[in-house]
Amino acid sequence: MVEPHPGHEYAYNRWYEDDHYYAGATAMPWIFAGRRWVATKDLQELRYPEKSAVAQPVGAGCYLSTYWVTEGRYDDHMKWTVAINRRLNRDGRVYQDRTHVFTAFQDHEATVYRDGAAGPRDFHALDHPYAGLVLQVVDAEGPERRAELLEWLRSRHLPKRLKGSPAAMVTVFRPTPLPGDRMTYVKQVEGVDTRLTLLWFLQEDPRSCWASRFTGLDAAVAETGLGRVELVAPFVPTVPGTDRYVDRLR
């Protein structure tokens, strides 16, 4: 999740669309799908909680890029991504006027489906034309509580929330540490022992269902005593190759 610096929105988007999405991601071995998402100003204003451990201020990070890495190939891919990005830096192909707000590689823990065996599987999620995405970040009260929090989400909370909702699935991940030789502009991942990241894939624009479906997620988690919500942030998909939405970020 990245924030282009003020005045650099168009240039950043063109760099990512025309170069980095390919050279810095999908052209590398073991990445098999990817998709970009954007939060216009009105979507940024829906985010909560106001005091977030992920984004300061909570509206920071108007672009989100998501990629699927082949299971069992994380270490192999990391060697490629570090080496490739070092070369891109040397070649002057890394856009500097941006801030990494929330960047992490994460291991898949669970997927909960609204419709059971019907519909796309989670490995289809970045290719299927979903109309929206909600990023939710939850921190357990301690490392010893994360497994319990995950089980509550998987078996109780998410099935109930998904029933009859426009969200077709929720994928749940836990972050892994970034390598020591990562790019210096990407900070080390926080919450490796406590954090869970949820991606809600929506079949309609998040604005149309926000009030009815996505308010109160923080209260639901807090009531369990297992953890706290650090971010709930809606996005819509970018249109590849275009500058759509860039003029609506501020």
Side-chain angles (χ1 to χ4, degrees), residues 1-2 21 25-26 31-39 43-44 46-48 52-55 58 61-71 74 100-115 119-140 146 149-155 157-163 165-176 189-192 194-210 213-215 217-218 220-221 227 229-238:
M1 188 165 70
V2 169
Y21 180 84
T26 55
I31 282 186
F32 66 89
R35 198 165 192 192
R36 293 186 73 213
W37 312 84
V38 60
L43 288 168
Q44 295 167 35
L46 296 175
R47 293 182 183 182
Y48 66 91
S52 167
V54 176
V58 70
C62 56
Y63 280 106
L64 177 67
S65 299
T66 50
Y67 302 98
W68 287 168
V69 178
T70 307
E71 185 177 9
Y74 171 80
H100 280 260
V101 176
F102 179 51
T103 297
F105 284 81
Q106 312 217 11
D107 285 337
H108 177 252
E109 286 287 348
T111 300
V112 181
Y113 296 100
R114 182 192 60 200
D115 303 323
R121 301 292 85 195
D122 50 14
F123 50 83
H124 300 132
L126 301 184
D127 296 309
H128 187 78
Y130 285 112
L133 179 81
V134 174
L135 167 67
Q136 181 183 4
V137 180
V138 185
D139 279 339
R146 184 166 66 180
L149 175 61
L150 173 62
E151 182 56 30
W152 173 79
L153 288 166
R154 177 168 44 195
S155 63
H157 177 68
L158 295 178
K160 181 180 178 181
R161 285 275 180 169
L162 283 172
K163 187 176 181 180
S165 84
M169 71 177 82
V170 182
T171 56
V172 186
F173 301 85
R174 60 175 175 82
T176 62
V189 178
E190 299 173 344
V192 168
T194 58
R195 184 159 288 175
L196 293 170
T197 301
L198 289 71
L199 299 177
W200 300 69
F201 290 92
L202 310 184
Q203 294 174 315
E204 63 183 57
D205 190 303
R207 284 165 286 218
S208 67
C209 58
W210 192 256
R213 294 291 180 176
F214 288 100
T215 57
L217 293 180
D218 51 348
V221 173
V229 166
E230 292 292 0
L231 182 65
V232 182
F235 294 85
V236 293
T238 62

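Heads up: numbering here begins at 1 and tracks the sequence.
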Name each donor-acceptor pair under 3.5 Å that joins a side chain in residues 128-137 to protein atoms two or more places apart or in another chain, with its distance.
{"from": "Q136", "atom 1": "OE1", "to": "W200", "atom 2": "NE1", "distance (Å)": "3.0"}

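Remark: the backbone N or O of L217 is paired with a side-chain donor or acceptor of Y48 at under 3.5 angstrom. A distance-only check finds a donor-acceptor pair linking the side chain of T176 to the backbone of F105 [under 3.5 Å]. Counting only distance, with no hydrogens or angles, the side chain of R161 and the backbone of R213 share a donor-acceptor pair below 3.5 Å. With hydrogens and angles ignored, the 3.5 Å screen pairs no side-chain donor or acceptor of R174 with any backbone N or O of D107. Between the T103 side chain and the H100 main chain, no donor and acceptor come within less than 3.5 Å of each other. Of the possible donor and acceptor atoms, one in the side chain of R114 sits under 3.5 Å from a partner among the backbone N and O of S165. Using modelled atom types, one side-chain atom of E230 and one backbone atom of A53 make a donor-acceptor pair closer than 3.5 Å.
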*asked:* I'd like to know whether V2 forms a side chain to side chain contact (heavy atoms under 4.5 Å, CB included) with V101, so could you lay out the CA-CA distance, the side-chain angles of the two residues, the decisive distance to 0.1 Å, and finally the verdict.
replied: CA-CA 5 Å; V2 169; V101 176; over 6 Å; no

*Hey, mind stepping through V172 and T111 against side chain to side chain contact (heavy atoms under 4.5 Å, CB included) and telling me if it holds?*
CA-CA 6 Å; V172 186; T111 300; over 6 Å; no

*After noting the C-alpha distance and the side-chain angles of R207 and L43, does the key distance pass the side chain to side chain contact (heavy atoms under 4.5 Å, CB included) rule?*
CA-CA 7 Å; R207 284 165 286 218; L43 288 168; 3.6 Å; yes

*Please assess W37 against T66 for the test side-chain hydrogen bond (donor to acceptor under 3.5 Å, both in side chains), listing each intermediate value before the final yes or no.*
CA-CA 8 Å; W37 312 84; T66 50; 3.0 Å; yes

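Between F173 and W68, the ring planes lie tilted relative to each other; the angle falls in the 30° to 60° range. Taking the six-membered ring where tryptophan is involved, the planes of Y67 and Y21 are tilted, since the angle between them lies from 30° to 60°.
Screening residues 121-132 for salt bridge (Lys or Arg N to Asp or Glu O under 4.0 Å), with sequence neighbours left out, gives no hits.
Contact detail for G191 and P175: the closest heavy-atom pair is O-CG, 3.7 Å. In plain terms, the two heavy atoms of V236 and P206 that are nearest each other are CG1-CD, 3.8 Å. The heavy-atom pair separating A110 from L150 by the smallest distance is CB-CD1, 4.5 Å. Scanning both residues, M169 and P120, for their nearest heavy atoms gives CE-O, 3.4 Å.
For the atom pair CG of L153 and CG of L158, the computed distance is 5.0 Å after rounding to the nearest 0.5 Å. Put simply, CG on L126 and OG1 on T26 are 11.5 Å apart, with the number rounded to the nearest 0.5 Å. How far CZ of R195 is from CG of D139: 4.0 Å, rounded to the nearest 0.5 Å. The distance from the NE2 atom of H108 to the OG1 atom of T197 is 12.0 Å, given to the nearest 0.5 Å. A distance of 7.5 Å separates CG in L199 from CG in L64, rounded to the nearest 0.5 Å. Distance check: M1 CE to C62 SG gives 9.5 Å after rounding to the nearest 0.5 Å.
Note that R154 lies outside the cation-pi zone of W152, set by a 6.0 Å cut-off to the ring centre and a 45° limit from the axis.
Inter-residue side-chain proximity for P237 and R36 is flagged as unmet; no heavy-atom pair is nearer than 4.5 Å. Two residues are said to be in side-chain contact when any heavy atoms from C-beta on lie closer than 4.5 Å; L196 and R146 meet this criterion. Taking the side chain as every heavy atom from C-beta outward, L198 and V138 approach each other to under 4.5 Å. For the pair L162/Y113, no side-chain contact is recorded, criterion being any heavy-atom separation below 4.5 Å from C-beta on. No side-chain heavy atom of F214 sits less than 4.5 Å from a side-chain heavy atom of L46. In this structure, Y63 and F235 have side chains that are not in contact, with every pair of non-hydrogen atoms separated by 4.5 Å or more.
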